[in-house]
Number of protein chains: 2
Amino acid sequence: MQNAFRSIGLIARATSIMGNRLFTPKNLQANQFLYLLRILENPGITQADLATQLHVDPSTCLRAVRKLSAGGYLTREADPTNQRRKRLVPTAKAQADAAQLHGYEQALLTVGTQDFTPGERLMLQELLARVAANIEGLNDDPDRLMATVKRAPHEN
Amino acid sequence: MQNAFRSIGLIARATSIMGNRLFTPKNLQANQFLYLLRILENPGITQADLATQLHVDPSTCLRAVRKLSAGGYLTREADPTNQRRKRLVPTAKAQADAAQLHGYEQALLTVGTQDFTPGERLMLQELLARVAANIEGLNDDPDRLMATVKRAPHEN
DNA sequence: ACTTTTTAATTGCAATTGCAATAACTAATT
DNA sequence: AATTAGTTATTGCAATTGCAATTAAAAAGT
């Protein structure tokens, strides 16, 4: 049996490529659909919070959001209480695509777990959510992973 | 509960960043350690096969391998039976780092599943391996995913 | 034997990414 | 109130990525 993280990497690369190919006709490359889904579910979210949710660099988030804005999928409204914060609000165009975006996510799950029992499907989602939480915990203490790597380093 | 593929994307991005940071002191950026692990486990593997295993573009694979070669981690030996095939063979330097690379993979698993029972850990690995197989199956029939996306397209 | 098709590795290109540093604004401290 | 520290968004930069097209070699078909 393979280390679970190898499978995770494979699946992530494969689905990213498929998603980008599927949505390029709508000018939604580069995982922009991931950002759009989150904004649709959290209207008014800020870039910083979105970057945290998606585990991408704030600058990466900025550029994806900028492209979505240029494409007419969202507007960036300054928060009256805090001039720096830009609230990301989906447009009607984004709302029109929401169903297809969720349909894509659901299709991935359907095909990816096509031979699963409902119980297995639920189990997978639960276990992965826990792994994600554990990995996010490393953000607050990155050295913990290093400490867990026990073998000798063989420095150059 | 989140769609499993969201968790997969999050985990993949987070671990990729951590891995790159951990191995930059050894000049192993850009997921090169993933390639090196596979080559260590499959000495003599060709670039095409490696690209298939890792689900990356052959050109991406070429450039990662080229950097590993430049860094002294492997040699590229022409296959006598087929002039085109270049067999990738790990060097002693690569062997010396093998333990640390496996240690990193193991550490990821340890931390990522720190609150799991052994049974849950095994279950996760099995379910993910099956998902990976299902997703790879899409390579042979990419339209199947599109067909599964049922919602209306709302073309531009 | 000759042509066509497939395979393996490669290159140019445009686009995305993360990191480091910066700007602008807000909060906290003295 | 003034200075310091922290937050939010941003930009320059170097590096990686996937796609499309190219080269070279092998296999298949005629």
Side-chain angles (χ1 to χ4, degrees), chain A residues 9-10 12-25 27-35 44-71 74-88 139 142, chain B residues 9-10 12-25 27-35 44-71 74-88 139 142:
Chain A
L10 294 185
R13 282 191 289 276
T15 56
S16 166
I17 291 175
M18 284 191 293
N20 286 334
R21 280 203 258 240
L22 183 57
F23 288 112
T24 32
N27 275 331
L28 284 176
Q29 295 101 340
N31 294 326
Q32 278 174 78
F33 57 93
L34 291 180
Y35 297 80
I45 192 175
T46 63
Q47 281 176 199
D49 288 343
L50 184 57
T52 303
Q53 270 196 31
L54 292 174
H55 264 291
V56 295
D57 192 82
S59 66
T60 304
C61 185
L62 162 72
R63 288 181 275 239
V65 161
R66 194 189 270 151
K67 278 201 72 178
L68 283 171
S69 172
L74 58 87
T75 60
R76 309 169 72 203
E77 306 175 356
D79 186 334
T81 76
N82 187 331
Q83 292 295 106
R84 289 173 303 178
R85 303 167 71 101
K86 304 261 179 82
R87 301 180 72 251
L88 306 175
N139 281 348
Chain B
L10 294 185
R13 283 192 289 277
T15 56
S16 166
I17 291 175
M18 284 192 293
N20 285 334
R21 280 203 256 240
L22 183 58
F23 288 111
T24 31
N27 277 331
L28 284 176
Q29 294 102 340
N31 293 326
Q32 278 174 76
F33 56 93
L34 291 180
Y35 296 81
I45 192 175
T46 62
Q47 281 176 200
D49 289 343
L50 185 58
T52 303
Q53 270 196 31
L54 292 174
H55 263 290
V56 295
D57 192 82
S59 65
T60 305
C61 184
L62 163 71
R63 288 181 275 240
V65 161
R66 195 189 270 152
K67 278 202 71 177
L68 284 170
S69 173
L74 58 86
T75 60
R76 309 170 71 204
E77 305 174 358
D79 186 334
T81 76
N82 186 332
Q83 291 296 106
R84 291 174 304 180
R85 303 166 71 101
K86 304 262 180 80
R87 301 179 72 250
L88 306 175
N139 281 347

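Residue numbering restarts at 1 for every chain, and letters A, B, ... go by the order of the sequence lines.
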Scan B:Arg13 against the nucleic acid and name what it touches under 4.0 Å (heavy atoms): base, sugar-phosphate only, or nothing.
-> nothing
Taken to the nearest 0.5 Å, the spacing of B:Lys86 NZ from B:Leu74 CG works out to 12.0 Å
Any donor and acceptor pair, going by atom type alone, linking the side chain of A:Asn20 with main-chain N or O of A:Asn31 inside 3.5 Å?
-> yes
To the nearest angstrom, how far is B:Asn20 atom CG from D:dT16 atom P?
-> 9 Å
Between C:dA8 (C1') and B:Asp57 (CG): distance, integer Å = 13 Å
Any N/O donor-acceptor pair, B:Arg63 side-chain to D:dG18 base, under 3.5 Å = yes
Nearest whole angstrom, please: distance from the P of D:dA25 to the CG of B:Asn82.
-> 11 Å
Starting from P on D:dT23, measure out to CZ on B:Arg85 and report it in whole angstrom.
-> 23 Å
Would a 4.5 Å heavy-atom cut-off, applied to side chains only, mark B:Asp49 and B:Arg85 as touching?
-> yes
Expressed in angstrom and rounded to an integer, what is the separation of B:Ile17 atom CD1 from C:dA20 atom P?
-> 12 Å
5' precedence on DNA chain D between A:Leu62 and A:Arg21 (nearest-nucleotide basis) | A:Leu62
Considering all heavy atoms of both residues, which atom of A:Leu10 and which atom of B:Gln53 are nearest to each other, and what is their separation?
-> CD2-O, 3.2 Å
What does B:Arg87 touch in the nucleic acid at a heavy-atom separation under 4.0 angstrom: a base, only the sugar-phosphate, or nothing?
-> nothing
Paired with B:Gln47, the side-chain hydrogen bond (donor to acceptor under 3.5 Å, both in side chains) test is passed by just one of B:Arg87, B:Arg76, B:Arg66, namely B:Arg76
Heavy-atom nearest nucleotide on DNA chain C taken for A:His55 and for A:Thr81; more 5' hit belongs to A:His55
Reckon A:Ser59 has a side-chain N or O less than 4.0 Å from the OP1 or OP2 of C:dG18?
-> no
Rounded distance in Å - CD (B:Gln83) to C1' (C:dA9) = 13 Å
So which heavy atom on B:His55 is nearest to which on A:Ala14, and how close?
-> ND1-CB, 4.2 Å
Can you check whether A:Ala12's main-chain N or O pairs, donor with acceptor, with A:Ser16's side chain at less than 3.5 Å?
-> no
With the side chain of A:Asn31 defined as its heavy atoms from C-beta on, choose the nearest nucleotide among C:dT10, C:dT17, D:dT11.
-> C:dT17
What residues 45-53 of chain A contributes to the DNA chain D interface at heavy-atom separation below 4.0 Å is A:Thr46, A:Gln47, A:Ala48
Any side-chain N or O of A:Lys67 less than 4.0 Å from the OP1 or OP2 oxygen of C:dA15?
-> no
Between CZ of A:Arg66 and P of C:dT16 the distance, given in whole Å, is 12 Å
Within this structure, what is the NZ-to-P distance between B:Lys86 and D:dT23, rounded to whole angstrom?
-> 16 Å
